[in-house]
Amino acid sequence: MRIVLAEDSVLLREGLVGLLERFGHQVVAGASTADELIAAVAEHGPDVVVTDVRMPPGFSDEGLRAALQLRAKQPGLPVLVLSQYVQRAYAEDLLDSADGRGVGYLLKERIGHVEEFVDALARVAAGDTVVDPEVVRQLIRHRRDPLSRLTARELEVLALMAEGKSNASVAAALSVSEGTVSKHFGSILGKLDLSVDDTTNRRVLAVLAYLRG
């Protein structure tokens with residue numbers, strides 16, 4: 001994949017470049033500010049963007065706002081956001097962009113799990129939604145009414161899906177069959193009133209409903 005990487009720490013940026021290239025990807029541009037990120041995407045048209053949330057000059061949410069601006073212009077642009085801490089509002093804003101497809105929100109400590117990080121990047125580039133398990137746990141605390149209709153097992157299934165796990169991985173984690181997972185997911189869709197047509201990514205919609213709840 002061709003990647004634009006935005007990270008103001010030179011050490012971390014160069015480390016990520018080396019890691020990504022080791023897995024056969026090409027970092028076509030590195031950016032240290034939000035403005036440089038926007039310019040790099042316009043120039044290179046990457047397959048995916050990886051950006052820190054906090055960047056110069058204010059070190060607040062510059063990287064995230066740049067990512068949201070890019071996705072507003074190019075809804076299909078996959079973006080993986082990295083953050084030092086869980087910021088609930090940041091995650092919600094990101095997931096609200098372009099119906100939550102092709103987005104990821106990971107804590108920086110996840111980079112240390114190299115294969116997990118690279119796999120998350122590939123899934124985001126493919127249009128999936130990937131959310132760090134710790135972010136999921138913190139968002140769970142703010143659940144509201146729609147999810148109250150789900151059983152404890154259905155919530156377990158949806159929580160694992162929110163972490164980006166496939167049906168097979170969910171089945172393995174819960175020691176059940178894939179058929180059972182599919183039945184639970186069908187029940188979840190009905191309870192969340194997500195009876196949408198086949199052209200819509202129902203899995204993404206269900207995960208978003210879970211995270212926003």
Side-chain angles (χ1 to χ4, degrees), residues 1 3 5-7 16 47-54 61 63-68 70-71 75-144 146-147 150 152-174 181 184-185 188-189 192 194 200-213:
M1 293 184 292
I3 301 167
L5 172 63
E7 167 60 56
L16 281 170
D47 298 315
V48 61
V49 170
V50 179
T51 181
D52 191 4
V53 167
R54 299 182 177 185
D61 61 354
L64 175 71
R65 285 190 282 110
L68 293 174
L70 289 167
R71 279 174 64 82
L77 178 66
V79 173
L80 176 59
V81 168
L82 304 176
S83 180
Q84 191 70 40
Y85 308 101
V86 177
Q87 296 285 351
R88 183 168 176 253
Y90 292 159
E92 290 177 345
D93 286 344
L94 183 67
L95 292 169
D96 277 337
S97 67
D99 293 329
R101 292 175 177 82
V103 291
Y105 186 102
L106 295 181
L107 296 183
K108 285 188 175 180
E109 64 187 44
R110 196 66 51 190
I111 298 172
H113 305 277
V114 175
E115 292 185 359
E116 194 175 320
F117 168 68
V118 174
D119 177 65
L121 180 62
R123 284 188 281 127
V124 167
D128 290 345
T129 305
V130 179
V131 185
D132 193 284
E134 180 58 29
V135 177
V136 171
R137 279 192 285 273
Q138 295 210 22
L139 291 175
I140 286 172
R141 299 172 188 171
H142 300 274
R143 289 198 303 255
R144 293 189 290 274
L147 298 174
L150 304 186
R153 177 46 63 95
E154 287 167 351
L155 283 170
E156 285 182 303
V157 169
L158 201 46
L160 290 168
M161 287 182 173
E163 293 178 14
K165 295 186 184 299
S166 65
N167 281 12
S169 296
V170 172
L174 298 179
V181 172
H184 282 311
F185 187 54
I188 289 166
L189 290 175
L192 295 181
L194 294 176
T200 305
N201 191 331
R202 297 182 297 174
R203 188 185 185 95
V204 169
L205 291 177
V207 167
L208 293 180
Y210 176 74
L211 294 176
R212 290 168 182 157

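Just so you know, these numbers come straight off a predicted model, no measurement behind them.
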Exercise for the section: Among Leu80, Leu82, Val81, Leu64, find the residue that satisfies the side-chain contact (heavy atoms from CB on, under 4.5 Å) test when tested with Tyr105. Expected result: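 The residue from Leu80, Leu82, Val81, Leu64 that satisfies side-chain contact (heavy atoms from CB on, under 4.5 Å) with Tyr105 turns out to be Val81.
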Problem - Atom pair CG/CD of Leu107 and Gln84 - distance to nearest 0.5 Å - result: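 So the CG of Leu107 and the CD of Gln84 are separated by 8.5 Å.
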Exercise for the section: Find the distance between CZ (Phe117) and NZ (Lys108) and round it off to the nearest 0.5 Å. Expected result: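 Result: 11.0 Å between the selected atoms.
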Any idea which heavy atoms bring [X] and [Y] closest together, and the distance?
X      : Y      : value
Leu106 : Val131 : CD2-C, 4.5 Å
Pro78  : Val124 : CB-O, 3.5 Å
Val170 : Lys165 : CG2-CB, 3.9 Å
Leu158 : Ile188 : CD2-CG2, 4.0 Å
Arg153 : Glu156 : NE-OE1, 2.6 Å
Asn167 : Met161 : OD1-CE, 3.5 Å

Practice task
Measure from the side-chain N and O atoms of Asp47 to the backbone N and O of Met1, and report whether any donor-acceptor pair falls under 3.5 Å.
Solution key: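 Such a contact is absent between Asp47 side chain and Met1 backbone.
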Practice task
State whether the side chain of Arg54 and the backbone N or O of Ser83 hold a donor-acceptor pair below 3.5 Å, judged by distance alone.
Solution key: no
Problem - Minimum side-chain heavy-atom gap Leu160-Val181 below 4.5 Å - result: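 Answer no - side chains too far apart.
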Practice task
Flag the pair Val49 / Arg71 as yes when at least one side-chain heavy-atom distance between them is below 4.5 Å, and no otherwise.
Solution key: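 They are not in side-chain contact.
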Problem - Stepwise side chain to side chain contact (heavy atoms under 4.5 Å, CB included) test for Leu70 and Val79 - result: CA-CA 9 Å; Leu70 289 167; Val79 173; 5.6 Å; no
